[in-house]
Each structure stands twice: as C-alpha cells, then as structure tokens.
Amino acid sequence: MKYILVCGGAGYIGSHCVEELLKKKYNVVVFDNLVYGHREFVEDIPFFEGDLNDIDSIRNCFKKYNIESVMHFSAFAYVGESVIDPQKYYFNNVVNTLNLLKVMNEFNVKEFIFSSTCATYGNPQFIPMNEKHGQNPVNPYGKTKFFVENILKDYEKSYGIKHIIFRYFNAAGASLTKNIGEWHNPETHLIPLVLDAASGKRKNITIFGDDYNTADGTCIRDYIHVIDIAHAHILGLEYLKKTGDSDFFNIGSEKGFSVQEIISKCEEITGNKIERIIGQRREGDPDILIADSSKIKKVLKWKPRFSDIHTVIESAWKWQSKLNLLIKN
Ligand code: UDP
C-alpha cells in the first residue's frame, strides 16, 4: 500500500489537507511532533509522532510506510517571533526541511508539495500580486520559505525531486464537516481574535493602526478559506503525478477586506457588538495584500468555492464554539 506523507498533518492547514486527501481515497500517514499540532485532529489514520529535527525518526517513518509523495506543512509561522529569534526559524523551517528532503532522496521519493507564503514577496510593488512579482522577503519567516523554494529548484535539477509550491495569502475559516479548525497558542490572527471578542472570551480587539493608505485607514488582506487551500493541494498533487512538472502558485481569493470590514462582518454574523481599540501599527505590515490567482485557475483548474467572506467567518465562528467546548473538557 502506498501512502501520502503529510508532515504537520495535525496542524491547521495540514489537517484540512488530510481531510481532502481522505475524501479522494488516498492513504495518508501524518507525521507531527505535536508542538503546535493537535492529536485530536488526526482520527482513524496512521499517525507517526516524530520530529523533523531527528533524521532517524523521519527514516523510521519512511521504513514503516511505503511513501509515494510528501506534503510539508510543518513550520513555525509567527512573523514577530522570527524577527526576535531567527535561529529558531532557520533551524525549524530550513534545516528540518533539508532533513526531510535528505530522507526522501534516500528512499527515492520524488514528489513534494510545499507550503509557502505571500510573505516571500515582501512589500508589494503592485496589487494584485501575481507570481511574477519579485521575491524580496522582509522578515526571517518569509526568508525561510524563500530559501526552501530555491533549494527545491536545485534538488529538482540534481536529484529529480519534483515540487509544487503554494504561496498562501491569509488562510482562514474551518472545515464544514469535521472538528478541525484554527487552534493556535498563542493566537495572533485577526479573525479568531475578533471572534473571541464577539464571544466574550476577550474584552475587545486592537486594530493595529488606522493610518494606512486605504479607504478606512486599516490594512487590507486577502482571506482564503482553508478548504480551498486544501483542495489546491490535491489538484497540485494530481498535476505533479500526471505531468511531472514542478511549478509554483499563489492561492488567494483575489478580494481584499480591511480590518474594520472584517470586524463589522464578524458583528453581523455573530450578532454581537465588538469593542474596537485603535493601537499602534504592527511592524512589517504592508497596507494592502491581494492575490492574483489566475495562474492556479488556469493551470490546475482550481477555483475558490468557500472563500466568500461570509462562509469564511461563519465556518470560523462555528469552529470556535466547538473549540471552546473542547478546551473546557
Ligand atoms: N490585525 C489587527 N489586530 C490583531 C491581529 C491582526 O489589527 O489583533 C491585523 C494585522 O495588522 C493585519 C491583519 O489584521 O493587517 C491580518 O493579520 P493576521 O495576523 O491575521 O495575518 P497576517 O496578515 O499577519 O498573515
């Protein structure tokens, strides 16, 4: 039996990809160290608890399961933390990925799907951003992803490892069927924090700056439903298997919402008033980030099905009430 290995499959985006892979009847094994992942997210499929910093644990997993392709979601993703402690990010996101690729080489596994980010573009030179936008990441987190993207090009040339790279814009929302969703500790993302304020778990939401060059002064972002991201990974895997061509794609909804608009939408969906506090700008936040996703639509025939902002926030809201119960018990 052949397996798709999902590294970081107990995390937010990884667990949603596992759900989509299972719907397509792939055999899946999840590899996760559970530092940020949740054992509860992996049900009824093989789970291998291991760490990518321990190359023998990766080898043991490859010995145990006949792996045909790898999806790699294991990474630290707090931009602010990456500035304070870049070493942590370079080791975890770059060195550990090298370990994984090394073991793939040892076991002759040639298909790799990699989670990258729009943070590899750095400050936007034009909006919407397509894949032709120059890559000039402005923080260590973005650089780690940029470095791995480049490493993958060399590994393709020399070892024949084929790859698909996905550059996510703002992942949001939650599964409509399974008990999985965004569960970070600490939580730093806008939508879960605003919903915490709506449910009374937090008193208010601080808006990081209202003097940006946008209509209401707050930052505009492109929120893309995690199920649409997961679906793109299946299409990417199938494309790689069919054509053997490496490629890279943006994944975004191509629509932008300001922080104020997101808060208003959350008020509308939850029926609760949310107190807004205007705070300082957060370092490194560009005014506007919006994807041009025409390449993935054209090449992979992907289209977003759940990324209207209402579905994004409503699914996140439903997940939050489940999560609050889970945390209480
Ligand atoms: N944001 C905010 N208050 C918060 C968290 C985030 O105003 O408590 C803003 C943030 O400055 C950015 C947007 O919301 O403009 C989305 O931030 P998030 O951290 O969700 O995603 P990022 O864009 O950093 O990947």
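Note that the structure is predicted; figures quoted are calculated from it, not measured. Computed from heavy atoms alone, side chains included, the values below leave out hydrogens, waters and symmetry copies. Numbering of ligands and ligand atoms starts at 1, following listing order.
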**Student:** Mind checking whether D285 contacts ligand 1 via backbone (N, CA, C, O), side chain (CB onward), both or neither, at a 4.0 Å heavy-atom cut-off?
**Tutor:**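 Near ligand 1, D285 shows its side chain, while the N, CA, C and O stay back.
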**Student:** Counting from 1, what ligand 1 atoms have a heavy atom of I207 closer than 4.0 Å?
**Tutor:**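 It comes down to these atoms of ligand 1: 7 (O).
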**Student:** Distance to the ring centre below 6.0 angstrom and angle to the axis at most 45 degrees; does that hold for R39 and F47?
**Tutor:**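 Yes, R39 lies over the aromatic ring of F47.
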**Student:** Run the numbers for me: atoms of ligand 1, each under 4.0 Å from some heavy atom of L193, listed by number.
**Tutor:**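 Selected atoms, number and element: 8 (O).
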**Student:** Which of the atoms in ligand 1, numbered in the order shown and given with their element, are less than 4.0 Å from a heavy-atom of T188?
**Tutor:**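 Going through ligand 1 atom by atom, the ones under 4.0 Å from T188 are 5 (C), 19 (O).
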**Student:** Identify the protein heavy atom lying closest to atom 9 (C) of ligand 1, giving its residue, its atom name and the separation to 0.1 Å.
**Tutor:**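 In this structure, atom 9 (C) of ligand 1 has V259 CG2, 3.8 Å as its nearest protein heavy atom.
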**Student:** If you have a sec, work out which protein heavy atom is nearest atom 22 (P) of ligand 1 and how many Å separate them, to one decimal?
**Tutor:**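 Scanning the protein heavy atoms, the shortest distance from atom 22 (P) of ligand 1 goes to N170 ND2, 3.5 Å.
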**Student:** Taking the cut-offs as 6.0 angstrom to the six-membered ring centre and 45 degrees off its axis, would you call K162 and F112 a cation-pi pair?
**Tutor:**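 Negative - K162 is either too far from the ring of F112 or too far off its axis.
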**Student:** Quick test: of every protein heavy atom, which one is nearest to atom 24 (O) of ligand 1, and how far off is it to 0.1 Å?
**Tutor:**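 Residue, atom and distance for the closest contact: R282 NH2, 2.6 Å.
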**Student:** Looking at atom 7 (O) of ligand 1, what's its closest protein heavy atom, distance included?
**Tutor:**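 The closest one turns out to be F208 N, 2.9 Å.
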**Student:** For the pair E268 and K265, find out whether any cationic side-chain nitrogen is under 4.0 Å from an anionic carboxylate oxygen.
**Tutor:**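 Yes, charged N to carboxylate O under 4.0 Å.
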**Student:** Any carboxylate oxygen within less than 4.0 angstrom of a Lys/Arg side-chain nitrogen, looking at D292 and K132?
**Tutor:**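 No, this pair does not count.
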**Student:** Is it the side chain (CB and beyond), the backbone, both or neither of H189 that lies under 4.0 Å from ligand 1, heavy atoms counted?
**Tutor:**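 It is both parts that get close, each with some atom under 4.0 Å.
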**Student:** Mark yes when over 12 heavy atoms from residues, nucleotides or ligands other than K23 sit less than 6.0 Å from its NZ; otherwise mark no.
**Tutor:**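 More than 12 within 6.0 Å, yes.
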**Student:** If you measure from the Lys or Arg side-chain nitrogens to the Asp or Glu carboxylate oxygens, is any gap between K303 and D228 under 4.0 Å?
**Tutor:**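 Looking at K303 and D228, the cut-off is not met.
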**Student:** Evaluate whether atom CG of D211 has more than 12 neighbouring non-hydrogen atoms of other residues, nucleotides or ligands under 6.0 angstrom away.
**Tutor:**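 Result for CG/D211: enclosed.
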**Student:** Starting from atom 3 (N) of ligand 1, find the nearest protein heavy-atom neighbour and note its residue, name and distance.
**Tutor:**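 For this ligand atom, the closest protein heavy atom is T206 O, 2.8 Å.
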**Student:** For atom 15 (O) of ligand 1, what's the nearest protein heavy atom and its distance?
**Tutor:**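 Of the protein heavy atoms, C219 CB, 3.1 Å lies nearest.
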**Student:** Are any of the N/O atoms in L190 less than 3.5 Å from those in ligand 1?
**Tutor:**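 Yes, at least one N or O pair falls under 3.5 Å.
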**Student:** Does K201 come within less than 4.0 Å of E187, counting only side-chain N to carboxylate O?
**Tutor:**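 No, this pair does not count.
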**Student:** Heavy-atom contact under 4.0 Å between Y212 and ligand 1?
**Tutor:**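 No, Y212 has no heavy atom closer than 4.0 Å to ligand 1.
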**Student:** Using heavy atoms and a threshold below 4.0 Å, how should the contact between I205 and ligand 1 be classified: side chain, backbone, both, or neither?
**Tutor:**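 The answer is the side chain.
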**Student:** How far is atom 13 (C) of ligand 1 from its nearest protein heavy atom, and which residue and atom is that?
**Tutor:**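 Result: Y223 OH, 3.9 Å.
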**Student:** Tell me whether the count of non-hydrogen atoms from other residues, nucleotides or ligands lying under 6.0 Å of CD in E40 goes above 12.
**Tutor:**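 More than 12 within 6.0 Å, yes.
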**Student:** Do R281's NZ or CZ and the ring of Y212 fall within the cation-pi criteria of under 6.0 Å and 45°?
**Tutor:**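 Satisfied, under 6.0 Å and within 45°.
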